[in-house]
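Worksheet: the structure to be examined is printed underneath.
These figures come from a predicted structure and were not determined experimentally. Side chains are part of it too, since the values below use all heavy atoms of this structure and drop only hydrogens, waters and symmetry mates.
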Amino acid sequence: MGELMRRLLYLVQRRRMDAELQEDMEFHKEMAARAGHNNFGNTLRMREQAREAWGWMWLDRLVQDMRYGARILARSPGFTLLAVLVLAVGIGVNASAFSLFDMVALKPLPVRDPGSLVRLERHSPTSYTSEMAYPSFEFYRDHAKTLAAAIAVLGVPPMQVDGDMRPTNASFATANYFTELGTTPGLGRLLDPRLDAHAEATPVVVLSYGLWQRRFGGDASIVGQTIHLNKKPVTVIGVTPYAFASLGGQGPDVWMPVAEQPYFVDGSKVLTDWTDSSIRMWGRLAPGVTAKAAEQELKSLTNELRHEHPEAVWDKEYIQSSPGGHLQVMQPEMYQVAAMVAVLTLLILAVSCANLGGLMLARAVKREHEIGIRIAIGAGRVRIFRQLCTESLLLAMLGSLAGLALGTVILWVTLTETNAPKWLSAMPDWRVLVFTAGMTLVSALFFGLAPALQIARQRQRKTLARQVLVGAQVAASCVLLIVAGLLVRATQHALYTDPGFGYEQLMTVDAQLSQHGYTPAAAEAYLNQMQSRLRAVPGVRSVSLVKLPPLGHTVSRSGLEINGRLVQMYPNWVAPGFFKTMEIPLLLGRTFYAGEKNAVIVSEQMARVQWPGENPLGKLVGDDDTKDVVVGVAGDAHINALSDDDATEQYWPAQRDDMPGMVLVVRAAGDPGALPKTVRAISESMDPNLFPEIRQLKQLYHENVLGIGRVAAVVSLISGVAVLLAGVGIIGLVAYV
């Protein structure tokens with residue numbers, strides 16, 4: 001303990017102790033001279049030995065090396081600037097990529113106890129959905145002992161605020177939503193389980209901060225006023241805070257208690273229908289309970305629910321949990337993309353370091369004279385090596401600071417351009433700082449070690465380090481350029497791939513009949529009349545029906561084992577005129593007859609996968625209980641999503657029971673932009689309680705392509721960086737030679 005205190009005392013009072021030591025040495029040297037002893041010794045060396053005994057000599061040498069290294073770098077501003085820029089690019093790209101991953105998958109939401117929040121979703125060996133029926137949610141909420149609380153969110157089509165035709169995103173949530181998140185209101189109050197959990201309560205709404213500013217000009221007196229949502233009066237009780245973080249990254253404009261859903265949607269049975277899966281569920285784990293324990297209990301509860309309501313549960317269904325307190329739950333395919341991006345960005349860093357190593361070897365040739373003099377006057381090779389490594393570390397630190405700034409700017413631009421949630425910040429947190437520090441050390445070791453060894457051993461003219469660095473540089477640059485080129489090619493393919501149907505003149509009309517409690521017979525009558533009236537509108541060429549609208553909100557798929565491998569099949573239910581309206585060619589066979597059953601039309605790719613080299617017409621598909629006959633083969637079309645590369649689609653004829661969930665597909669003769677007002681007028685004349693969701697396929701297609709275009713821009717930028725770094729490497733190589 002005494003030794004430690006002495007060392008700490010020297011660290012704090014080192015200037016005073018050094019001065020006292022120097023005075024003591026000079027005093028003893030003078031006393032020795034008076035006594036006739038002129039060989040007292042080297043006082044400088046004695047002071048160094050004393051400092052080594054105090055234990056902090058390494059710190060002095062490090063500071064000395066850093067100062068000397070800073071002077072050396074300052075003497076070569078061109079080299080220093082180029083080296084810092086090369087490192088800034090390599091480290092900046094990695095820092096921005098890791099920051100994005102950290103923001104999406106690692107950083108918890110700014111809510112109360114995010115670690116105990118879990119997302120609960122339905123799974124089976126062949127099916128998956130992120131939604132469940134509201135009665136199922138209530139069953140799990142009331143019986144699960146491992147959950148301290150349960151939260152439900154119901155998304156709905158955009159609503160009209162005070163007759164404004166501009167759509168307003170809306171969402172229903174259980175009344176405990178904001179209290180479980182620990183959210184404080186920006187104005188007024190938020191949903192309260194004690195006041196807003198019952199259908200008899202006064203209809204209320206919470207506005208988002210953005211809607212409050214856009215629609216109401218930030219007027220604080222809005223609290224307590226009555227507004228109209230889909231012509232229904234509702235009282236504004238509060239406004240969410242500016243940087244509100246919602247579960248699942250959702251950002252609706254208005255929040256309402258889920259108990260009020262029947263008030264806004266006349267005739268709705270969503271809250272009582274066991275087969276209407278439209279609720280997204282989160283849970284908060286009870287203290288001391290793990291997610292696995294909750295899954296085991298929910299599995300038992302699912303088995304109980306199967307006995308009571310078999311229509312609500314799949315065969316072998318189970319509830320799977322995932323972290324709910326994050327912006328995004330990383331799916332396995334997302335980790336594959338993240339791994340690919342990580343490899344690409346690390347390759348950029350490798351190229352940067354290899355290029356910088358080549359530049360440092362080229363610069364070492366000019367330092368032969370300096371290093372030779374230092375060795376000649378007594379500097380050890382270890383001392384020279386340490387000094388050179390310190391210079392590399394200093395250079396890496398400068399490059400990391402510049403790279404961190406560059407990465408922050410890149411992330412800020414990304415968040416701004418993508419209209420990300422306001423609570424997300426581009427400022428790096430401790431994880432990003434630790435990652436950047438690690439990149440600094442790795443970079444310094446990678447680009448500085450080989451040149452330092454060569455210089456310290458006076459072997460600059462030897463070829464080993466040059467061969468290693470040049471080989472690494474060329475290999476990494478080639479791989480980087482090839483990978484970037486392939487990514488650009490793949491992105492270009494996705495960007496310009498024909499979706500397989502004529503989307504430019506299409507629009508969909510979803511009247512949400514099932515949510516309004518329409519029976520199959522009533523829904524069929526409504527849709528038949530709607531189709532008849534739309535066909536009579538000038539400028540409408542064709543009208544048909546589909547259950548899962550193209551590029552819509554819902555994507556359905558199921559696993560199908562074919563020839564020993566699992567194939568993802570995308571099902572849909574359509575009316576006979578669907579293929580004509582969509583302009584999807586029928587390659588073989590025919591379309592459906594009116595009222596036909598036990599028939600199926602498969603896509604060309606699906607036929608190729610199931611019956612390679614055979615005629616699919618007349619083939620049977622389905623399980624042992626139900627067999628459907630293939631009556632036609634349609635062209636490949638990406639109906640569910642543009643990302644459905646395989647286009648393994650199957651279409652069944654829609655039956656009367658499907659009518660409440662059917663969506664109208666309308667093809668215009670020209671631009672369909674003028675039709676929505678006519679469609680709304682027709683709908684209001686038929687049923688004023690309906691507010692159809694109208695979406696133009698051209699806009700949806702461009703929204704999908706916009707995301708791909710952003711990826712293309714990022715990939716092109718990375719490719720440009722690869723070309724730049726390869727050019728810098730060539731400059732360094734030529735300079736060395």
Side-chain angles (χ1 to χ4, degrees), residues 117-147 149-155 174 247-248 258 269-286 289-324 329-334 514-515 547-548 553-562 565-573 621-626 628 640 648 650 652 657-658 660-661:
L117 287 172
V118 291
R119 177 76 181 269
L120 301 173
E121 300 171 324
R122 299 173 62 194
H123 285 259
S124 78
T126 58
S127 301
Y128 153 79
T129 180
S130 60
E131 299 176 334
M132 64 178 63
Y134 186 77
S136 298
F137 160 78
E138 289 184 312
F139 179 82
Y140 292 126
R141 179 197 63 190
D142 297 339
H143 294 84
K145 301 297 187 294
T146 54
L147 298 180
I151 305 169
V153 175
L154 170 63
T174 46
L247 294 176
V258 71
K269 297 181 180 179
V270 168
L271 302 187
T272 57
D273 189 349
W274 287 89
T275 61
D276 188 345
S277 296
S278 53
I279 291 290
R280 285 168 289 141
M281 179 179 179
W282 282 264
R284 185 176 292 281
L285 298 175
V289 175
T290 64
K292 289 298 181 184
E295 286 183 359
Q296 289 298 322
E297 184 190 29
L298 292 172
K299 185 176 182 179
S300 300
L301 291 175
T302 302
N303 292 332
E304 294 181 20
L305 187 60
R306 181 180 291 107
H307 292 296
E308 298 180 14
H309 296 277
E311 72 278 9
V313 182
W314 296 329
D315 184 36
K316 299 180 181 179
E317 179 181 333
Y318 59 93
I319 302 297
Q320 182 170 305
S321 69
S322 57
V329 178
M330 295 290 286
Q331 303 295 337
E333 58 269 19
M334 297 177 66
S514 62
Q515 291 196 19
K547 189 170 186 178
L548 300 178
H553 301 294
T554 305
V555 176
S556 178
R557 65 184 182 186
S558 60
L560 187 65
E561 186 172 342
I562 300 175
R565 70 185 184 97
L566 187 65
V567 176
Q568 293 297 330
M569 184 269 292
Y570 295 83
N572 213 333
W573 291 262
V621 299
D623 52 31
D624 295 334
D625 297 329
T626 304
D628 299 317
N640 278 256
T648 46
Q650 288 190 358
W652 281 269
D657 290 342
D658 298 317

Using every non-hydrogen atom in the two residues, find where [X] and [Y] come nearest and quote the distance to one decimal.
X      : Y      : value
Val313 : Arg122 : CA-NH2, 4.2 Å
Ala133 : Asp273 : CB-O, 3.6 Å
Thr146 : Ala293 : CG2-O, 4.2 Å
Arg119 : Ser130 : NH2-CB, 3.6 Å
Arg284 : Leu117 : NH2-CD2, 3.6 Å
Gly283 : Leu120 : N-CD1, 4.3 Å

Side chain to side chain donor-acceptor pair (under 3.5 Å) between Ser278 and Tyr134, worked out: CA-CA 7 Å; Ser278 53; Tyr134 186 77; over 6 Å; no

Measuring from atom [atom1] of [X] to atom [atom2] of [Y], what distance do you get when rounded to the nearest 0.5 angstrom?
X      : Y      : atom1 : atom2 : answer
His123 : Ser321 : NE2   : OG    : 9.5 Å
Ser136 : Asp276 : OG    : CG    : 10.5 Å
Leu301 : Arg141 : CG    : CZ    : 13.5 Å

Salt bridge (charged side-chain N to carboxylate O under 4.0 Å, His left out) contacts touching residues 295-311 (sequence neighbours left out):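 Only Lys292-Glu295 qualify under salt bridge (charged side-chain N to carboxylate O under 4.0 Å, His left out).
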
Side-chain contact, heavy-atom cut-off 4.5 Å: [X] with [Y]?
X      : Y      : value
Glu317 : Leu305 : no
Leu147 : Leu285 : yes
Trp282 : Thr174 : no

side-chain contact (heavy atoms from CB on, under 4.5 Å) assessment of Leu154 paired with Phe137: CA-CA 11 Å; Leu154 170 63; Phe137 160 78; over 6 Å; no

Partner set under ring pair (Phe, Tyr, Trp, His ring centres under 6.0 Å) for His143, not counting sequence neighbours: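 Expected list: Phe139.
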
Verdict with reasoning, Lys316 to Trp314, per side-chain contact (heavy atoms from CB on, under 4.5 Å): CA-CA 6 Å; Lys316 299 180 181 179; Trp314 296 329; over 6 Å; no

Test log, rule side-chain contact (heavy atoms from CB on, under 4.5 Å), inputs Met132 and Ile319: CA-CA 10 Å; Met132 64 178 63; Ile319 302 297; 4.2 Å; yes

Donor-acceptor pair, side chain of Thr302 and main chain of Tyr318, under 3.5 angstrom: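 No; judged by distance alone, with no hydrogens or angles, the pair does not exist.
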
